[in-house]
Peer 1: 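One structure is given below, represented as structure tokens, and several questions about it will come after.
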Amino acid sequence: MKTNYNIIVLLLFSFCIFGQNELSPEQVLEDYTIFKEIITTGHPSLYEYTSKAQWDSIFYDFEQTRIKDLTESKELFKSINSIAKNAYDGHLVIYHPKMDTVPALFPLLLKIIDGKLYTDTDDFGIPLGAEITSIESIKSNIIIQEFLKYAASDGYNLNKKYRQIEKEFGILYYYEYGEKESFIVKYSINNSELRTIEIVPESFESLENRYPKRSSHFAMYHGNTDRVEHFKNTLAEKWPFVYYMDSIKSGVLTVNSFGLDPKEFKSRLVDLFKDIKKKRVSNLILDIRQNIGGYRINAINLFSFLTEKPFEQRISESTVTDTLPKKRYVIHTMADYNEFFKRYFASAEKKFGRWILTKDHAQEEMIPYKKPFKGKVYVLIGGNTFSAASAFALNAKNCQEITLVGNETGGGYYFHTAQYSALYKLPNSKIMVRVPFVKIDKYVLDKTVPKGSGVLPDIEVELTVEDLIDGIDSQLDYIVKHLIEKQKKHGNTVHNE
């Protein structure tokens, strides 16, 4: 069975980008120096969370103590990740060098709940929802802590990191601990006595085939016994789609991506909202929990269907360089940086070594659609809600009529870096580094939110171990039950869908 879905493709990219060629001290130093110069001369928010003095200390410590012990690209990769994490930037991503073959990997599909690991399937004789307490005598909390450096996120929030670790656990284990012939796993069921089992690694293809069968994809909640079909038609569906819960007069609009052709995206939204209006739904539940972003205009167009007033997203955009640093090591960009800079920042104010633009070039687009939805809107958000999707969530947060339900987004609340990124390849290790060059300060109404947060839900709903075992989408279920109670108060008899 071939599961050629967008999420799996992303995982496959991660799995196929690892090499471990040997490096001389001179080669290690050259690659590290290039990386250091790129981020110190080009990253626009390097000192937002970590001061220059702290960065100097981080670099000094690495150069004086750790760099001399590195002899392979895999070790340099781990070190560069450990350094890059101090930027607290979800768009600053370190990729592995490509490899020809993928090793057999740790096979369990896991879910992180309350900082602990739980099985997301019932494979290998371990029941669904069992807590994994250790792997190869390493406690699970230590493993999670080590894996955090591989998962980039805006600010201090862990939700996006946890979601990435869940998706990529097998390859991250390989990155951190190397290839294994078998794994000694300790687990418990309902806090019972620890049990021990030995399991063997599994091919990527086998992991790929089992991935859609995770309980946390909630096929059971939606009454679908075919988990693969459910995954294909829901989480892996890129285009927006809607389904209805007639008994509570509600529609659920799922938007998993903004990375789609804007013209076609807008056209589909028009058709979907026509159908929503035709159905005369009172409540719209908008699910963007799996939306990692894409084209900003798509997020703007979607919000235009939910508001009756003009809205704002940004108060400024800025960059710290007018030329692309270390340009000869760039292997991919969306456009030439010089042309990009001339188009956006040539007329910007320069202050303290930063070019600052205070006029949002997309502001004219941020107006209501001619016939917006006028019922009650709930927006489901989570750790995977990132970049343009997090900006959409902030628009919803700024609107008092909309209720956000779920978990903190992976995208930053006050600012994030994006808009123009370049992908670099370091010459010796072949490690790839994606660096963003524009800092985007956002329009926010609630300025009491702590710096380093994502967009916070109005109502936080966590997935419990019991919900995982029962296959219940706790966040969507919260809204459904709320609407049932709301209708009961108005004297209507309803049935759960």
Peer 1: Please determine if Glu408 and Lys160 form a salt bridge, counting it only when a charged side-chain N lies under 4.0 Å from a carboxylate O.
Peer 2: no
Peer 1: Verify the ring-centre separation between Tyr156 and Tyr49: is it less than 6.0 angstrom?
Peer 2: yes
Peer 1: Can you confirm whether Ile165 sits close enough to Leu172 that some side-chain heavy atom of one is under 4.5 Å from a side-chain heavy atom of the other?
Peer 2: yes
Peer 1: Under a 4.0 Å threshold between the charged nitrogen and the carboxylate oxygen, would Asp473 count as salt-bridged to Arg289?
Peer 2: yes
Peer 1: Output yes when Lys111 and Asp120 qualify as a salt bridge under the 4.0 Å nitrogen-oxygen rule, no when they do not.
Peer 2: no
Peer 1: Under the criterion side chain to side chain contact (heavy atoms under 4.5 Å, CB included), which of Thr307, Leu286, Leu284 is the partner of Phe373?
Peer 2: Leu284
Peer 1: Could you check Asp477 against Ser474 for side chain to side chain donor-acceptor pair (under 3.5 Å), going step by step and ending with a plain yes or no?
Peer 2: CA-CA 5 Å; Asp477 195 56; Ser474 52; over 6 Å; no
Peer 1: Thr358 side chain to Ser316 main-chain N or O, any donor-acceptor pair under 3.5 Å?
Peer 2: no
Peer 1: Would you verify whether the NZ or CZ of Lys439 falls within 45 degrees of the ring axis of Phe415 while also being under 6.0 Å from that six-membered ring's centre?
Peer 2: yes
Peer 1: Among Glu176, Lys78, Glu168, Gln164, which one satisfies side-chain hydrogen bond (donor to acceptor under 3.5 Å, both in side chains) with Tyr150?
Peer 2: Glu176
Peer 1: State yes or no: are the ring centers of Tyr211 and His217 separated by less than 6.0 Å?
Peer 2: yes
Peer 1: Work out which heavy atom in Trp55 is nearest to a heavy atom in Ala87; give both atom names and the distance.
Peer 2: CZ2-N, 3.6 Å
Peer 1: At their closest point, which heavy atom of Tyr413 faces which heavy atom of Leu445, and how far apart are they?
Peer 2: OH-N, 4.4 Å
Peer 1: Is the backbone of Asp154 close enough, under 3.5 Å, to the side chain of Asn157 for a donor and an acceptor to pair up by distance?
Peer 2: yes
Peer 1: Indicate the ring-plane relationship of Phe258 and Phe392, choosing parallel, tilted or perpendicular according to the 30° and 60° boundaries.
Peer 2: tilted
Peer 1: From Phe59 CZ over to Thr33 OG1, what is the distance, rounded to the nearest 0.5 angstrom?
Peer 2: 10.5 Å
Peer 1: Which heavy atom of Pro436 sits nearest a heavy atom of Ser421, and at what distance?
Peer 2: CA-OG, 3.5 Å
Peer 1: Distance only, no hydrogens: is a donor on one side chain within 3.5 Å (strictly under) of an acceptor on the other, for Asn301 and Ser304?
Peer 2: no
Peer 1: Counting C-beta onward and ignoring hydrogens, is there a side-chain heavy-atom pair between Ile38 and Tyr329 closer than 4.5 Å?
Peer 2: no
Peer 1: Looking only at non-hydrogen atoms, find the nearest pair between Gly42 and Val320 and report the distance.
Peer 2: O-CG2, 3.5 Å
Peer 1: Between Phe62 and Tyr32, is there a side-chain heavy-atom distance shorter than 4.5 Å?
Peer 2: yes
Peer 1: Any non-hydrogen side-chain atom of Ser453 less than 4.5 Å from a side-chain atom of Tyr414?
Peer 2: no
Peer 1: Quick one: do Asp441 and Arg314 make a salt bridge, cutoff under 4.0 Å?
Peer 2: no
Peer 1: Looking at every heavy atom in both Lys430 and Pro427, which two are closest together, and how far apart are they?
Peer 2: NZ-O, 2.7 Å
Peer 1: Consider side-chain hydrogen bond (donor to acceptor under 3.5 Å, both in side chains). Of Asn384, Asn256, Thr254, which one does Gln290 pass it with?
Peer 2: Asn384
Peer 1: Counting only N and O atoms by type, is there a donor-acceptor contact under 3.5 Å from the side chain of Thr133 to the main-chain atoms of Lys186?
Peer 2: yes
Peer 1: Sub-3.5 Å donor-acceptor pair from the side chain of Ser390 to the main-chain atoms of Gly411, do we have one?
Peer 2: yes
Peer 1: Compute the ring centroids of Phe386 and His416, then answer whether they are less than 6.0 Å apart.
Peer 2: no
Peer 1: Any chance you could lay out the salt bridge (charged side-chain N to carboxylate O under 4.0 Å, His left out) test for Glu48 and Lys451, step after step, and finish with the verdict?
Peer 2: CA-CA 10 Å; Glu48 283 288 342; Lys451 182 178 179 179; 2.9 Å; yes
Peer 1: Would the distance check show the side chain of Thr50 and the main-chain N or O of Asn86 forming a donor-acceptor pair, the cut-off being under 3.5 Å?
Peer 2: yes
Peer 1: From the options Tyr175, Tyr177, Phe204, Phe169, select the one residue that forms a ring pair (Phe, Tyr, Trp, His ring centres under 6.0 Å) with Phe106.
Peer 2: Phe169
Peer 1: Honestly, is Lys326 close enough over Tyr424, meaning NZ or CZ under 6.0 Å from the six-membered ring centre and within 45° of the axis?
Peer 2: no
Peer 1: Would you check if Glu317 and Asp360 make a side-chain contact, meaning some heavy-atom pair closer than 4.5 Å?
Peer 2: yes
Peer 1: Within the 4.5 Å heavy-atom criterion, are Gln313 and Asn395 side-chain neighbours or not?
Peer 2: yes
Peer 1: Is a donor on one side and an acceptor on the other found under 3.5 Å between the side chain of Gln475 and the backbone of Glu462?
Peer 2: no
Peer 1: Is it the case that the side chain of Asn398 and the backbone of Tyr443 share a donor-acceptor pair, with hydrogens and angles ignored and the cut-off at 3.5 Å?
Peer 2: yes
Peer 1: For the rings on Trp355 and Tyr344, is their centre-to-centre separation under 6.0 Å?
Peer 2: no
Peer 1: Could you pull out the closest heavy-atom pair between Ser140 and Ile132, with the gap in Å?
Peer 2: OG-O, 2.5 Å
Peer 1: What verdict does the side chain to side chain donor-acceptor pair (under 3.5 Å) test give for Gln54 and Ser57, after you've listed the backbone C-alpha separation in whole Å, the side-chain angles of each residue and the deciding distance to 0.1 Å?
Peer 2: CA-CA 5 Å; Gln54 289 173 316; Ser57 178; over 6 Å; no
Peer 1: Before giving the answer on side chain to side chain donor-acceptor pair (under 3.5 Å), spell out for Tyr337 and Thr319 the whole-Å C-alpha distance, their side-chain angles and the decisive distance to 0.1 Å.
Peer 2: CA-CA 11 Å; Tyr337 186 78; Thr319 184; 3.0 Å; yes
Peer 1: Between the side chain of Ser73 and the main-chain N/O of Asn21, is any donor-acceptor distance below 3.5 Å?
Peer 2: yes
Peer 1: Donor-acceptor pair, Thr71 side chain versus Glu22 backbone, under 3.5 Å?
Peer 2: no
Peer 1: May I ask you to decide if Val255's main-chain N or O and Asn291's side chain share a donor-acceptor pair within less than 3.5 Å?
Peer 2: yes
Peer 1: Would Ser429 and Asp31 count as having a side-chain donor-acceptor pair, cut-off 3.5 Å?
Peer 2: yes
Peer 1: Are Phe340 and Tyr420 packed together at the side-chain level, in the sense that at least one heavy-atom pair is separated by less than 4.5 angstrom?
Peer 2: yes
Peer 1: If you define the side chain from C-beta out and look only at heavy atoms, does anything of Leu394 sit under 4.5 Å from Val444?
Peer 2: yes
